[in-house]
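Everything below concerns the one structure shown next.
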Amino acid sequence: MATYDLDDKKGFFSKFTLLNPSKCLSEGDKITLKHYNMFSKVNTKILYFDDKTVRLQTEDNFDIIKILEGDPVVLSTKNGNDQYSIAGDIAAIDTFPPFKIDVRMNKIHNMKELRKNKRFFISELCKLFIVGEVGYKKAIVKNISFGGIKLNAEDIMQMNEILEVKMEIEDIKFILKCKVVRKIPLIEFYEYGLEIMDITESNLLMLHRYMNTFEFS
């Protein structure tokens, strides 16, 4: 599998300069928001932004109660010929239409760099199947590559634990056999870094198909 490092403070992300929001955002611009409880992206426009937060006003109808403060989201926008991907989380929500959502921006990257290194910010639900346990746990995948994934989960897993991660995005379905290689306790959940240990040919084809969707997003 490809070399990876899910530690945001070193490794992979140290190769890039985190972009200033003013480089890719402007008030009034259109920007899409992806939340793990929705298959489709939500169209919004930028009302205001500073170095840490961007305030959005939604332009699509959707179930606002599915979005909660603290939820991880991904924003996508275009400036000239460049496309940008912004990983963040919900800072505040005004639930009176038109809905206004404040997103705390954690990382901003040019999609050219992310595509080149085949790692992408996402916000997708997954199921975790632990070896020796009945049933599954739910988690939210925050980024993915051919070597590993980063996710948030409320349930406690142990370092070096082996599990299967099942993802279903519309008609794309795949299962990854992974090992827990990083674990960080946060306020209401744990952040895990998983290394992909094994994958069947059919699941690898599906993973390639999913990753290729970012080439034209």
Report the C-alpha separation of Asn152 and Tyr190 in whole Å, then their side-chain angles, then the decisive distance to 0.1 Å, and conclude whether the side chain to side chain donor-acceptor pair (under 3.5 Å) test is met. CA-CA 6 Å; Asn152 290 349; Tyr190 288 83; over 6 Å; no

Run the salt-bridge test on Asp102 and Lys52 with the 4.0 Å N-O cut-off and return the result as yes or no. no

Would you compute the distance between atom CG of Asp29 and atom CG of Asn79 and round it to the nearest 0.5 angstrom? 7.0 Å

Within the 4.5 Å heavy-atom criterion, are Ile101 and Thr44 side-chain neighbours or not? no

Distance-minimising heavy-atom pair for Thr77 and Cys24: CG2-O, 3.9 Å

Same cluster for Met38 and Ile65 if Ile/Leu/Val/Met/Phe/Trp/Tyr side chains link at under 4.5 Å? yes

Atom of Met211, atom of Ser145 and distance for their closest heavy-atom approach: CE-CA, 3.7 Å

So how far is it from Ile130 CD1 to Leu163 CG, rounded to the nearest 0.5 Å? 4.5 Å

Side chain proximity check, Lys183 to Gln158, heavy atoms < 4.5 angstrom: yes

Can you tell me how far the NZ atom of Lys107 sits from the CG atom of Asn143, to the nearest 0.5 Å? 7.5 Å

For residues Ala91 and Arg104, report the shortest heavy-atom separation together with the two atoms involved. CB-NH2, 3.6 Å

Less than 4.5 Å apart, side chain to side chain, heavy atoms only: is that true for Phe214 and Leu114? no

Do the side chains of Lys166 and Glu164 get close enough for a salt bridge, i.e. N-O under 4.0 angstrom? no

Can you check whether Asn43 reaches Thr58 side chain to side chain, under 4.5 Å on heavy atoms? no

Residue pair Phe174 / Ile169: nearest heavy atoms and the distance that separates them: CE2-CD1, 4.4 Å

Which is it for Lys177 and Ile162 under the side-chain contact (heavy atoms from CB on, under 4.5 Å) test, yes or no, and what are the steps along the way? CA-CA 7 Å; Lys177 184 178 180 180; Ile162 304 299; 3.7 Å; yes

May I ask you to check whether over 12 heavy atoms, not counting those of Asn61, lie within 6.0 Å of atom CG? no

Do any pairs count as a ring pair (Phe, Tyr, Trp, His ring centres under 6.0 Å) and have a residue in residues 66-99, sequence neighbours left out, and if so which ones? Phe62-Phe99

I need the minimum non-hydrogen distance between Cys126 and Leu151, along with the two atoms involved. SG-CD2, 4.3 Å

Under a 4.5 Å cut-off applied to non-hydrogen side-chain atoms, are Ile46 and Val54 in contact? yes

Using the rule given for side-chain contact (heavy atoms from CB on, under 4.5 Å), can you reason through Arg182 versus Tyr192, listing the C-alpha separation, both sets of side-chain angles and the distance that settles it, and then say yes or no? CA-CA 5 Å; Arg182 188 166 65 92; Tyr192 293 98; over 6 Å; no

Using the rule that two of Ile, Leu, Val, Met, Phe, Trp, Tyr join whenever any of their side-chain heavy atoms come within less than 4.5 Å, decide whether Ile172 and Met167 are in one cluster. yes

Here the pair of heavy atoms bringing Ile90 nearest to Ile67 is CG1-CG2, 3.9 Å

Residue Leu186 excluded, over 12 heavy atoms near CG under 6.0 Å: yes

NZ of Lys41 to OG1 of Thr32, rounded to nearest 0.5 Å, is 4.5 Å

Where do Ser85 and Met111 land on the side-chain contact (heavy atoms from CB on, under 4.5 Å) test, with the steps shown first? CA-CA 6 Å; Ser85 182; Met111 283 295 294; 3.5 Å; yes

Do Ser22 and Asn20 have side-chain atoms, one donor and one acceptor, less than 3.5 Å apart? yes

With sequence neighbours left out, write down each residue that passes ring-ring contact (aromatic ring centres under 6.0 Å, His included) with Phe129, or none if nothing qualifies. Tyr136

What verdict does the side-chain contact (heavy atoms from CB on, under 4.5 Å) test give for Asp89 and Glu69, after you've listed the backbone C-alpha separation in whole Å, the side-chain angles of each residue and the deciding distance to 0.1 Å? CA-CA 8 Å; Asp89 55 78; Glu69 291 185 13; over 6 Å; no

Give the intermediate values and the outcome of salt bridge (charged side-chain N to carboxylate O under 4.0 Å, His left out) for residues Asp82 and Lys112. CA-CA 8 Å; Asp82 291 319; Lys112 290 178 182 177; 3.1 Å; yes

Any chance you could measure Ile149, atom CD1, to Arg119, atom CZ, to the nearest 0.5 Å? 10.5 Å

Consider only side-chain heavy atoms of I, L, V, M, F, W and Y, link residues closer than 4.5 Å, and tell whether Ile196 and Phe121 are in one cluster. yes

A side-chain contact here means heavy atoms from C-beta on lying under 4.5 Å apart; do Leu205 and Arg209 qualify? no

So how far is it from Ser76 OG to Lys30 NZ, rounded to the nearest 0.5 Å? 16.0 Å

If you define the side chain from C-beta out and look only at heavy atoms, does anything of Asp71 sit under 4.5 Å from His35? yes

Just grab all the salt bridge (charged side-chain N to carboxylate O under 4.0 Å, His left out) pairs involving residues 123-148, residues at least two apart or on different chains. Lys34-Glu124, Glu133-Lys137, Lys142-Glu191

Do the side chain of Asn110 and the main chain of Glu113 share a donor and acceptor less than 3.5 angstrom apart? no

Could you tell me if the side chain of Tyr210 sits less than 4.5 Å from the side chain of Ile122, heavy atoms only? yes

Ile184 with Phe189, same ILVMFWY side-chain cluster at under 4.5 Å: yes

Is there a path of hydrophobic side-chain contacts, each under 4.5 Å between heavy atoms of I, L, V, M, F, W or Y residues, that connects Ile175 with Ile199? no

